[in-house]
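Structure, as structure tokens:
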Amino acid sequence: MSDIAPKELKIVGFLCNWCSYGGADTAGVSRFKQPPDLRIIRVPCSGRIDPLFVVKALLNGADGVLVSGCHPRDCHYSDGNFYARRRLEMLKRLLPFLGIDDKRFHYTWISASEGQRWQQTVTAFVKRIHELGPLNLKEEKQS
Amino acid sequence: MRVGVFICHCGNNIAGTIDVARVAEETRKIPGVVYATTYMYTCSEPGQEEIKEAIKREGLDRVVVAACSPRMHEMTFRRTVEKAGLNRYFFEMANIREHISWVGEDKEFNTRKAIDVVRMAVAKVMQNRPLFSSSFKINKRVLVMGGGVAGMQAALDCADGGLEVVIVEKSQSIGGMMARLDKTFPTIDCSICILGPKMVDVAQHEKIKLYAYSEIDEIKGYVGNYQVKIRKKATYVDWSKCTGCGACMEKCPSKNAYDYFNFGVAPTKAINIPFPQAIPKKAKIDPNYCRQFTKGKCGVCAKICPTKAIDYEMKDEIITEEVGAIIVATGYSLIDMDMLPEYGGGRYPDVISGIQYERLLNASGPTAGHIERPSDHEEPKTIVFVSCAGSRDKSIGIPYCSNFCCMYIAKQAILTKDHISDSQSYVFYMDIRSPGKGYDEFTRRAQEEYGVHYIRGRVSRIYPKGKKLVVRGADTLLGTQVEIEADLVVLATAVISNKDAAYMAEKLHISYDTFGFYVESHPKLRPVETNTSGVFLAGACQGPKDIPASVGQGSAAASKILALFSGETLESDPAVARVNINACVGCLKCVKTCPFGAIKEKELRDGRVVADVIETVCAGCGVCTSTCPCGAIQLQHFTDNQILAEVNALCLI
């Protein structure tokens, strides 16, 4: 991991069980290498993700949060991800008001067969968080 | 609380890149964890025994297994802890294989990550509550979508097993693609001769109800209790009166209708019966070509019909069927030859697709089994077959192999020689893929016995030269350019998913891959199940496959349903939403957001209105939980507290 700083940062991933968690599994089975910073929390559906989970994670010490669900119109629960999309887009716009750079939060859609896409998403997001550095709420508020 | 943690080596899969001993050591420091150990293969029988013994020996009341993905073995270990007397929901899995050891290269980083993930699982399991499933009644009827060979096999097996079956077929007759084939490889058996009796069995089986020329409009419900709305499309012929005599077809003056059954090899009549063995053998009017519809007058068929079956005013009819399980066997499509301009597909009449050639070879086809060039009806002498026409071609978005073309090209080349003894066939191929039983011998027979000339290389261009077509390509074995002047060119066009595959997937709540093929539950071990319980896959809708594989899958799907329906009831998943009526303010936002209509309002004795979950209908997505403004409705096993416990276990250290 030459392009990653020696100490990993704290990144939380919320993944829906049916698509993205499966996609992350597919990436594992296919041995698509990824940076080590992300820790994944499995939820049944991206619609289960309360935006406050993301806020809580960031306020409690996470440096970035990644959310991934099924592609729109491919949701295991028919339209849970549409609810997720509204809430998470709202959250993204709200984060700067909390003094958090909205680049620290990303939501995307990855299916269970898209292992490679998962690898690319994780790698790009982790790189982005490393560029931003650790989240220091006091400092970010001042800047 | 006494949590036990079992960390799996998984041979070298995990222990190779994670220091499992250190993970165990660190785990023991977590408050609540009283026991942590490592094991070579936790999922093995002795591994599971070890968990059961430890539960008793150490008095554990919660268990965490750090191993592979819970999508792989969560059920296995839930059963293990249940056998040891714990509630199956007092168990969590930490995924340290797919998400850590297989994707991270650095042992130090991996070990730290594994410790974090185990800590999160421990935090979650300590928040878990015991859950108990209830049983619900099931409707033991089966819906089969698609009447091709896979769907027919599935329907027959289910029906023979005593289940009532409803088949919904999009086109006018069952039989699917196999009904269009002339012969089948590698035995050169007559396709319709082996399929026809099966079709008749379907038609005559007392347990099978067939809706031909029908589509699925809506699917509601859940495993064991589906309501399906079927649209019987208007055929403009009353099928209860039609005897299939064919008099209408003979007299119909509109002779230029597109022939869907024959893939447009030749035009057909506006009222037609697709082929002699059609089931049901009933006529249908194509309103795009019928003069009564296009010009407003004609009525020839109505006059000629001896049973007065013609009804120009017919409308689509909606029928509701109740079933308990669904087999999806919707089959495949082929790419349009227009996608291959370099081969002149769609521009030169004598460049045709493999399935069109199949119809030319067939005795019930438009040429009565005589091979003719579509342009001048002359007998071709030099025939070039181009394999991988679109398949294995990233540039047009089809990187996969279409599975059966190599074999049917060999078959068609053999049949060509049988039909025209002085003909010469050439096959341009990338690789000959013939891994089935008797398949390789068959392609060799084509070359050695029938003198088919196989050229390894791709065709770069096809262009007309007088009456002939020049096929220019490379012979990569000889390292030369080849040009063949052909009378007829047959393209083995790539297999693609149906146009409406994604649309159907949405109705069924199943997933599909980038190419529109439906995704099975596990690529190796659950090949006919989907992730939606009660919905099964058969045939080429899951990926290109030949007849034996499709038939095998059809039977497999049927056996899965027979097993599912072996009892009178099914167990419900207790991980559903639950309302705390003391906290519910009765805003009923959850009622509006629930994708399944599983929440109803309920009036309490004191007149207060609260939300109420219908447990069997709730699918457990948790959209309601994140909608509820006061945290009153909680998805069990994924409550706010449980998820936040994981977040805090990771962040607050």
Side-chain angles (χ1 to χ4, degrees), chain A residues 1 4 8 10 12-14 16-19 21-22 24-45 47-54 56-62 70-71 73-80 82-84 87 111-114 119 122, chain B residues 68-72 93 95 97-106 108-110 112-113 116-117 120 124 502-503 505-507 509-514 517 519 523 531-532 575 593 595-596 619-628 631 635 637-638 640 643-644 646-648 650-653:
Chain A
M1 298 294 138
I4 305 287
E8 71 266 46
K10 210 168 266 180
V12 187
F14 291 98
C16 82
N17 178 50
W18 303 101
C19 294
Y21 198 91
D25 281 357
T26 307
V29 173
S30 316
R31 312 298 197 276
F32 290 138
K33 299 295 175 212
Q34 296 153 36
D37 310 55
L38 182 77
R39 275 92 176 112
I40 293 167
I41 295 175
R42 181 167 72 128
V43 289
C45 176
R48 171 65 191 94
I49 298 162
D50 192 322
L52 290 175
F53 295 162
V54 179
K56 202 92 175 183
L58 290 167
L59 293 182
N60 283 356
C70 304
H71 286 279
R73 313 202 66 164
D74 190 17
C75 176
H76 183 74
Y77 301 105
S78 78
D79 40 33
F82 288 129
Y83 289 107
R87 289 170 186 155
S111 81
S113 57
E114 293 174 323
Q119 177 197 37
V122 174
Chain B
C68 50
S69 170
R71 285 166 56 101
M72 183 81 199
M93 261 188 114
N95 185 344
R97 192 179 74 172
E98 279 85 342
H99 292 185
I100 305 181
S101 71
W102 276 351
V103 296
E105 283 160 328
D106 187 293
E108 173 59 26
F109 279 130
N110 285 353
R112 283 214 293 267
K113 186 171 176 182
D116 278 350
V117 170
M120 288 157 76
K124 165 99 198 285
Y503 170 79
E506 212 182 319
K507 286 192 182 192
H509 304 311
I510 58 174
S511 23
Y512 50 95
D513 64 17
T514 330
F517 293 112
V519 176
N531 278 331
T532 301
T593 50
F596 301 92
C621 64
V623 169
C624 54
T625 311
S626 24
T627 305
C628 182
L635 173 64
H637 211 55
F638 290 98
D640 287 342
I643 295 172
L644 285 173
E646 287 189 81
V647 172
N648 290 340
L650 174 65
C651 298
L652 288 178
I653 49 154

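In what follows, every chain begins at residue 1, and chains take the letters A, B, ... in the order their sequences are listed. None of the values given here were measured: they were computed from a predicted structure.
- Interface remark: Ala505(B) contributes no atoms to any contact with chain A (heavy atom separation under 4.5 Å).
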**OP:** Please step through side-chain contact (heavy atoms from CB on, under 4.5 Å) for the pair Trp18(A) and Val519(B), ending with a clear verdict.
**Re:** CA-CA 11 Å; Trp18(A) 303 101; Val519(B) 176; over 6 Å; no

>> I'd like to know whether Arg48(A) forms a side-chain contact (heavy atoms from CB on, under 4.5 Å) with Asp640(B), so could you lay out the CA-CA distance, the side-chain angles of the two residues, the decisive distance to 0.1 Å, and finally the verdict.
In response: CA-CA 9 Å; Arg48(A) 171 65 191 94; Asp640(B) 287 342; 2.7 Å; yes

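- Chain B forms more heavy-atom pairs under 4.5 Å with one residue of Ser113(A), Ser30(A), Ala24(A), Gly80(A) than with any other, namely Ala24(A).
- Nearest heavy-atom pair across Tyr77(A) and Phe596(B) is CA-CZ, 3.6 Å.
- For the atom pair CD1 of Ile643(B) and NZ of Lys56(A), the computed distance is 13.0 Å after rounding to the nearest 0.5 Å.
- For Arg31(A), the CZ atom is densely surrounded, since the number of other residues' heavy atoms within 6.0 Å is greater than 12.
- Between chain A and the residues Gly622(B), Pro523(B), Cys621(B), the largest count of heavy-atom pairs under 4.5 Å involves Cys621(B).
- Taking CG of Leu644(B) as the reference point, atom CG of Asp50(A) lies at 8.0 Å (rounded to 0.5 Å).
- Using a 4.5 Å cut-off on side-chain heavy atoms (C-beta onward), Asp25(A) and Asn95(B) make contact.
- Nearest heavy atom pair, residue Cys651(B) against residue Val12(A), reads SG-CG2, 4.0 Å.
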Test Phe53(A) against Ser626(B) for side-chain contact (heavy atoms from CB on, under 4.5 Å), laying out the working first.
-> CA-CA 10 Å; Phe53(A) 295 162; Ser626(B) 24; over 6 Å; no

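- Within the 4.5 angstrom heavy-atom criterion, no atom of Ile100(B) approaches chain A.
- Residues forming a ring-ring contact (aromatic ring centres under 6.0 Å, His included) with Phe32(A) (at least two apart in sequence, or on another chain): none.
- Atom CZ in Arg39(A) sits 6.5 Å away from atom CG in Leu650(B) (nearest 0.5 Å).
- With respect to chain A, the highest number of heavy-atom pairs below 4.5 Å among Pro595(B), Pro70(B), Ala575(B), Ala502(B) belongs to Pro70(B).
- Between Lys33(A) and Glu105(B) there is no salt bridge, since no side-chain N of the basic residue sits under 4.0 Å from a carboxylate O of the acidic one.
- With chain B as the partner, the residue from Cys45(A), Pro51(A), Ala112(A) showing the most heavy-atom pairs under 4.5 Å is Cys45(A).
- Side chain of Lys113(B) to main chain of Leu38(A): a donor-acceptor pair is present (N/O by atom type, distance under 3.5 Å, no hydrogens or angles).
- Contact of the Thr627(B) side chain with the Arg87(A) side chain is registered, since non-hydrogen atoms from C-beta on lie closer than 4.5 Å.
- With a 4.5 Å cut-off on non-hydrogen atoms, Ile49(A) touches chain B through its backbone but not through its side chain.
- Interface residue Tyr21(A): backbone and side-chain heavy atoms are both found under 4.5 Å from chain B.
- Note: His99(B) leads Glu646(B), Arg97(B), Lys124(B), His99(B) in heavy-atom pairs under 4.5 Å with chain A.
- Separating the CG atom in Leu652(B) from the CG atom in Leu59(A) is a distance of 10.5 Å, to the nearest 0.5 Å.
- Judged by distance alone, the side chain of Tyr83(A) and the main-chain N or O of Val623(B) form no donor-acceptor pair under 3.5 Å.
- Closest heavy-atom contact between Cys75(A) and His509(B): O-ND1, 4.4 Å.
- Between Pro36(A) and Asp106(B) there is no side-chain heavy-atom pair separated by less than 4.5 Å.
- If you take NZ on Lys507(B) and OG on Ser78(A), they are separated by 13.0 Å, rounding to the nearest 0.5 Å.
- Here CZ of Arg71(B) is found 8.5 Å from CZ of Arg42(A). Values are rounded to the nearest 0.5 Å.
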